[in-house]
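Following: one structure in structure tokens, then a few remarks.
Order of the sequence lines fixes the chain letters, A, B, ..., with proteins taken first and strands second; residue numbering starts at 1 for each chain. Predicted, not measured: the structure shown is a model, and the values here were computed from it.
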There are 2 protein chains.
Amino acid sequence: MKSKTHKDDGVGYSISQMCKRTGYTADTLRFYEKAGLLPDVRRAGGRRVYTDEDYYSICIVTCLKKTGLPLAEIRRYMELTKRGERSVGQRLELMRRHEAEVKKKMDVLRVCEERIAFKVWYYETAKHEGLKAVKDIDATLERYRCETGRKVDF
Amino acid sequence: MKSKTHKDDGVGYSISQMCKRTGYTADTLRFYEKAGLLPDVRRAGGRRVYTDEDYYSICIVTCLKKTGLPLAEIRRYMELTKRGERSVGQRLELMRRHEAEVKKKMDVLRVCEERIAFKVWYYETAKHEGLKAVKDIDATLERYRCETGRKVDF
DNA sequence: ATATCACTTGGAGTAAACTCCAAGTCAAGG
DNA sequence: CCTTGACTTGGAGTTTACTCCAAGTGATAT
């Protein structure tokens, strides 16, 4: 005999289970739902019951978020998803644009990382030989190039 | 004869010149100074006069900011810088820690970018063949692997 | 001399993304 | 029946990083 309580209907997770699975707090999951970042989550007796589908949606959201897509854009994406087949073109557009953004971001990070690596080397040298040993910027950059084979542009 | 006005003392930039050079707004530069992210900028007749030194400081700040170091940490770094030689060890520490963070961030971005690339392929395929052609997740992932030689882990 | 213009200050306001809280509900165990 | 505990809601508060504003100053152009 089928039960209507969420405990018994076989598949579905409570909010606390979803928190464990995703690493989000319950407040954040509720906030995301309110903000339209998740497909409408089913209720049983007033409580949220998450499906595996919901979990995958959350994963995409996480991925988009980690790569810096603002919540408003994620929301837009989710709204497109709900509109089904006819929004595929727009979703493709959105993903392509975001992919380009992510690549740009990675390039920026790469360049900055090089400069930070130089700073690490700089302070290592300064720690051993004193700050005066690295006072002359041009000479220090040249020395860095020689010692590490890497260059850094100012 | 030496003048005391900032226009005549040879080296130094006004805030608007610095804005052009760095891309920041005047408000942001003032905000950064107030927040302790820059060494104390010299004044001439009440106006800020930026040096090349200041410019380099701003560049470092930009670099740290772009890689996600919060302003509070940047402020701490700048305070260490002002303490001279005896803070070199701490500055090294800070830079090393941040470099590790940046590397972690790049790894995350790489993984997410792979998933987004898959989504792009997914919607390209869906656009040509309809959403039903990519309905089965496992089959679609396999097809993606075959067609692109790339894998994506869920 | 006066108007213009870039600058000054302190402080208030904004946007994004949570994060916390109070008050209430609901099912299960003792 | 009563308590417990995980959940519900709406709404207020927080943090970060700016961004804007009003009122004022000081040098230069007409």
Phosphate-side-chain proximity, A:R47 and D:dA6, N/O vs OP1/OP2 below 4.0 Å: no
Closest-nucleotide ordering on DNA chain C, the 5'-leading residue of A:T28 and B:K34: B:K34
B:T25 side-chain N/O to D:dC18 phosphate OP1/OP2 under 4.0 Å: no
Presence of salt bridge, B:K119 and A:E99, under 4.0 angstrom: no
Any A:Y32 side-chain nitrogen or oxygen under 4.0 Å from OP1 or OP2 of C:dA17: no
Interatomic distance where CZ belongs to B:R75 and C1' belongs to D:dT16 [whole Å]: 14 Å
Options D:dC7, C:dT8, D:dC18, nucleotide nearest the side-chain atoms of A:S14: D:dC7
Between P of D:dC18 and NZ of B:K66, the distance in whole Å: 13 Å
Nearest to side-chain heavy atoms of A:R30, which nucleotide of D:dT9, C:dC18, C:dC20: D:dT9
Rounded distance in Å - NZ (B:K65) to P (D:dT16): 15 Å
Sugar-phosphate, base or nothing in reach of B:Y24, heavy atoms under 4.0 Å: nothing
Separation of C:dA16 P from A:L69 CG (nearest whole Å): 13 Å
Atom-to-atom span, CZ of A:R43 to P of C:dT25 - whole angstrom: 17 Å
Protein-nucleotide distance (A:D27, atom CG; D:dA6, atom P), rounded to Å: 15 Å
Nearest to side-chain heavy atoms of A:F31, which nucleotide of C:dC18, D:dC7, D:dG11: C:dC18
Beyond-backbone contact of A:D54 with A:R42, side-chain heavy atoms, under 4.5 angstrom: no
Test: A:R75 and A:E79 ion pair at under 4.0 Å: yes
Side-chain N,O (B:S16) to OP1/OP2 (C:dC7) below 4.0 Å: yes
d(CD, A:E33; C1', C:dC18) in whole Å: 16 Å
Separation of atom CD1 in B:I15 from atom C1' in C:dC5, rounded to whole Å: 15 Å
Row check, A:Y144 ring normal vs A:R150 NZ/CZ: under 6.0 Å, within 45°: no
Salt bridge present between B:E33 and B:R48 (N-O < 4.0 angstrom): yes
